[in-house]
Asker: 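Encoded as structure tokens, here's the structure I'll be asking about.
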Amino acid sequence: MAHLREAAVQERAPAVTAPRVEDATPRHLAPFLCLADFEAAARRRLPRQIYGYYAGAAETCQSFQANAASFRSYELVPRVLADVSARSARTTLFGTTYDAPFGIAPMGLSGLATFEGELVLARAATQAGIPAIVSATSLMPLERVATQGGARWFQAYLPGEDARIEAMVDRVEAAGYDTFVLTADVPVPANRENNVRTGFSIPLQPSLRLLWDGLSRPHWLGATWLATFLRHGVPHFENMDAFRGPPILSRHVVRAIGARDQLSWRHLELIRRRWPGRLILKGVLSAEDAVQAREHGADGVIVSNHGGRQLDGARPALAALPAIAEVAGPMRVMVDGGIRRGSDVLKALALGAHFVFVGRPFLFAAAARGQDGVRHAIRLLLAEIERDMALLGVTRIEALTRAHVERAPWAA
Ligand code: GLV
């Protein structure tokens with residue numbers, strides 16, 4: 001009897017607002033049930049050096065691991081009987097409404113994950129109605145990526161040299177971008193021993209080991225490397241400066257990244273005066289720096305430890321977030337690092353973030369299944385968010401508050 005009653009109740013239940021991901025999933029995507037599932041498939045497809053570069057972090061990986069642990073150190077506080085039948089994860093940021101409260105973080109060398117990886121990420125994001133940030137270390141001219149429509153966010157690495165900064169800002173503006181993200185946590189290259197161990201360098205140095213690792217991944221060799229070579233020649237660093245950078249494969253070239261260690265608040269001011277669009281400072285972990293960013297004219301900050309890839313031991317973004325949200329004033333506060341689940345997104349938003357960015361999982365999805373993979377990864381994360389909103393008792397992203405999270409007693 002009980003099960004008959006249940007069946008009757010189910011018949012009367014209102015349709016959920018979004019179709020379940022499984023309903024529309026083609027066979028080649030069916031094994032991927034969550035973001036974490038893409039990494040193993042990407043590892044099987046990518047040469048060791050490339051996978052190691054994407055997956056790796058600085059020194060002991062303390063900050064990388066702390067990113068994931070920080071989300072587990074918070075517990076959600078669900079509210080019941082809240083009538084969550086009409087719920088939406090749509091989120092407005094800087095006047096634009098996106099279909100989800102997350103975007104794709106900027107990631108270097110994404111053109112080595114899959115053929116035209118930068119375009120793959122941009123297209124998938126555009127189709128899904130979310131923003132993707134173009135990385136300075138990408139291999140496709142930023143002007144070309146801009147042709148994919150969607151959000152126009154560009155992330156720059158800049159030296160403390162006025163003329164180079166001005167020329168780059170002008171280039172990004174001429175290409176039609178509206179959001180300039182300055183990454184501030186890279187005054188010197190990080191110590192990434194894993195890259196040394198796998199033989200990865202920038203530019204990649206031709207070697208027997210590199211050749212062997214390429215040959216051992218025939219799918220990648222044909223569909224990504226050879227396809228890229230035949231279509232575009234050897235990829236170059238296209239977006240570090242106003243001019244084209246060096247090739248990514250070279251025995252002798254040394255990248256002239258310039259005096260990044262001289263970059264200072266004065267340069268942020270310089271950019272602010274020259275750049276007419278929105279200005280975001282990325283890599284902020286201290287409330288004092290967030291105040292400085294606000295006073296120097298930033299429209300937002302991305303709280304981030306660079307995926308644990310810069311200062312090992314740096315705190316995770318989630319730990320820094322509440323204090324930064326408190327002093328942000330009119331700035332928008334965004335977060336990246338360690339977000340792998342819809343519940344992680346909800347925790348960050350409840351702790352004061354207006355939006356979040358997710359990096360590696362989308363790159364692994366691109367490596368594993370190309371654009372379809374990225375679209376599927378976006379759908380999975382969005383479905384988790386919508387499901388978790390219902391379970392948490394909220395119907396709108398703006399309804400998330402500090403009352404929805406508690407620090408776990410063991411972590412407090
Ligand atoms: C580039 O931003 C990297 O972290 O390797």
Side-chain angles (χ1 to χ4, degrees), residues 47 49-50 53-54 105-122 132-148 152-177 180-190 192 195 199-207 210 224-225 227-263 267 270-271 274-275 282-283 306 309-310 359 363:
Q49 286 89 356
I50 311 291
Y53 168 69
Y54 296 155
M107 286 169 288
L109 307 193
S110 28
L112 296 182
T114 189
F115 178 62
E116 298 187 338
E118 288 86 6
L119 300 187
V120 161
L121 293 174
I133 309 180
V134 181
S135 163
T137 35
S138 49
L139 308 175
M140 178 73 68
L142 60 93
E143 290 78 6
R144 172 97 198 277
V145 187
T147 63
Q148 304 307 304
R152 303 267 171 97
W153 292 52
F154 179 77
Q155 171 264 324
Y157 289 126
L158 294 173
E161 299 166 35
D162 292 13
R164 273 173 90 168
I165 292 175
E166 288 168 356
M168 189 62 195
V169 168
D170 292 352
R171 175 181 171 192
V172 177
E173 188 195 350
Y177 285 79
F180 192 97
V181 180
L182 174 66
T183 296
D185 55 10
V186 290
V188 292
R192 300 194 191 153
N195 288 341
F200 177 90
S201 61
I202 298 182
L204 289 161
Q205 302 233 346
S207 66
L210 194 63
T224 301
W225 181 257
T228 304
F229 181 74
L230 291 175
R231 182 73 176 266
H232 303 286
V234 174
H236 282 55
F237 291 96
E238 299 283 354
N239 302 318
M240 291 295 290
D241 265 294
F243 48 86
R244 191 179 206 206
I248 58 152
L249 184 68
S250 168
R251 186 173 295 284
H252 305 295
V253 171
V254 177
R255 280 198 313 156
I257 58 173
R260 274 196 205 152
D261 55 356
Q262 287 174 18
L263 198 69
H267 298 108
L270 173 75
I271 299 169
R274 202 165 180 100
W275 172 252
K282 175 171 180 284
H306 208 120
R309 295 163 74 84
Q310 285 302 114
L363 203 52

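Numbers here are sequence positions counted from 1.
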Asker: First locate atom CD1 of I271, then atom CG of L182, and finally report the distance between them rounded to the nearest 0.5 Å.
Answerer: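 If I round to the nearest 0.5 Å, the distance is 4.5 Å.
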Asker: Check whether F243 forms a cation-pi arrangement with R164 (NZ or CZ under 6.0 Å from the six-membered ring centre, at most 45° off the ring normal).
Answerer: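 No, R164 does not sit over the ring of F243.
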Asker: Mind checking the NE2-OG spacing from H236 to S138? Nearest 0.5 Å is all I need.
Answerer: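 Atom-to-atom, H236:NE2 and S138:OG are 14.0 Å apart.
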Asker: Please confirm whether the backbone N or O of A136 pairs with a side-chain atom of Q155, one donor and one acceptor, at under 3.5 Å?
Answerer: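 Yes; judged by distance alone, with no hydrogens or angles, the pair exists.
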Asker: Is there a side-chain contact between L109 and F200 in this structure, where contact means two heavy atoms from C-beta onward sitting under 4.5 Å apart?
Answerer: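 A side-chain contact exists here, since the closest heavy-atom pair is under 4.5 Å.
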Asker: Does a donor on one side chain sit under 3.5 Å from an acceptor on the other, for H267 and Q262?
Answerer: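 Side-chain D/A pair, H267 to Q262: absent.
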Asker: Testing the basics here: between V234 and I248, what is the closest heavy-atom pair and its distance to 0.1 Å?
Answerer: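 For V234 and I248, the tightest heavy-atom pair comes out as CG1-N, 4.4 Å.
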Asker: For V188 and Q310, which heavy atoms make the closest approach, and how far apart are they?
Answerer: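 V188 and Q310 have their closest heavy atoms at O-NE2, 3.5 Å.
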Asker: H306 vs Y157 aromatic rings, parallel, tilted or perpendicular, using cut-offs 30° and 60°?
Answerer: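 If you compare the ring of H306 with that of Y157, the planes turn out parallel.
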Asker: Do R152 side-chain atoms and A146 backbone N/O form a donor-acceptor pair below 3.5 Å?
Answerer: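 Side chain of R152 to backbone of A146, a donor-acceptor pair under 3.5 Å: yes, one is there.
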Asker: Taking S110 for its side chain and M107 for its backbone only, find out whether a donor-acceptor pair lies under 3.5 Å.
Answerer: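 Between the backbone of M107 and the side chain of S110 there is a qualifying donor-acceptor contact (under 3.5 Å).
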Asker: Do you know the tightest heavy-atom contact between A122 and V145?
Answerer: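 For A122 versus V145, the nearest heavy atoms are CB-CG1, 3.8 Å.
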Asker: Between P247 and P203, what is the shortest heavy-atom contact and its length?
Answerer: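 P247 and P203 have their closest heavy atoms at O-CB, 3.5 Å.
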Asker: Within the side chain of Y54, is there an N or O that forms a donor-acceptor pair under 3.5 Å with the backbone of A113?
Answerer: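 Yes, because the side chain of Y54 sits within donor-acceptor range (under 3.5 Å) of the backbone of A113.
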Asker: Rounded to the nearest 0.5 Å, how far apart are CG of D170 and CZ of R274?
Answerer: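 Rounded to the nearest 0.5 Å, the CG-CZ separation comes out at 4.0 Å.
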Asker: Is a donor on one side and an acceptor on the other found under 3.5 Å between the side chain of E118 and the backbone of L139?
Answerer: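 Answer holds: yes.
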Asker: Using side-chain heavy atoms (C-beta onward) and a distance below 4.5 Å, is T228 in contact with E116?
Answerer: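 The answer is no; the side chains never approach within 4.5 Å.
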Asker: Of the non-hydrogen atoms in L210 and P206, which two are nearest, and what is the gap between them?
Answerer: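 Heavy atoms only, the tightest pair is CD2-CA, 4.2 Å.
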Asker: CZ of F154 to CD of E173: how many Å apart, nearest 0.5 Å?
Answerer: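 With rounding to 0.5 Å, CZ (F154) is 14.0 Å from CD (E173).
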Asker: State the CZ-CG distance between R309 and N195, to the nearest 0.5 angstrom.
Answerer: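 Separation between the atoms: 7.5 Å.
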Asker: For residues R260 and P187, determine if any side-chain heavy atom of one lies less than 4.5 Å from a side-chain heavy atom of the other.
Answerer: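 SC-SC contact between R260 and P187 ruled out.
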Asker: Examine distances only and state if a side-chain atom of Y53 and a backbone atom of I202 form a donor-acceptor pair shorter than 3.5 Å.
Answerer: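 Between the backbone of I202 and the side chain of Y53 there is no qualifying donor-acceptor contact (under 3.5 Å).
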Asker: Under a 4.5 Å cut-off applied to non-hydrogen side-chain atoms, are L112 and W225 in contact?
Answerer: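 Contact flag for L112/W225 side chains = yes.
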Asker: Is there a donor-acceptor pair under 3.5 Å between the side chain of N239 and the backbone N or O of M140?
Answerer: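 Flag set: sc N239 to bb M140 pair under 3.5 Å.
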Asker: So, for T224 and T114, which heavy atoms are closest and what is the spacing to 0.1 Å?
Answerer: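 Closest pair (atom of T224, atom of T114, distance): OG1-CA, 3.5 Å.
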Asker: Please list, chain by chain and in numerical order, all residues satisfying side chain to side chain contact (heavy atoms under 4.5 Å, CB included) with E143, sequence neighbours excluded.
Answerer: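 Side chain to side chain contact (heavy atoms under 4.5 Å, CB included) list for E143, sorted by chain: P141, R171, A175.
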Asker: Could you pull out all residues at least two apart from R192 that satisfy salt bridge (Lys or Arg N to Asp or Glu O under 4.0 Å)?
Answerer: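 So R192 forms no salt bridge (Lys or Arg N to Asp or Glu O under 4.0 Å) with any residue.
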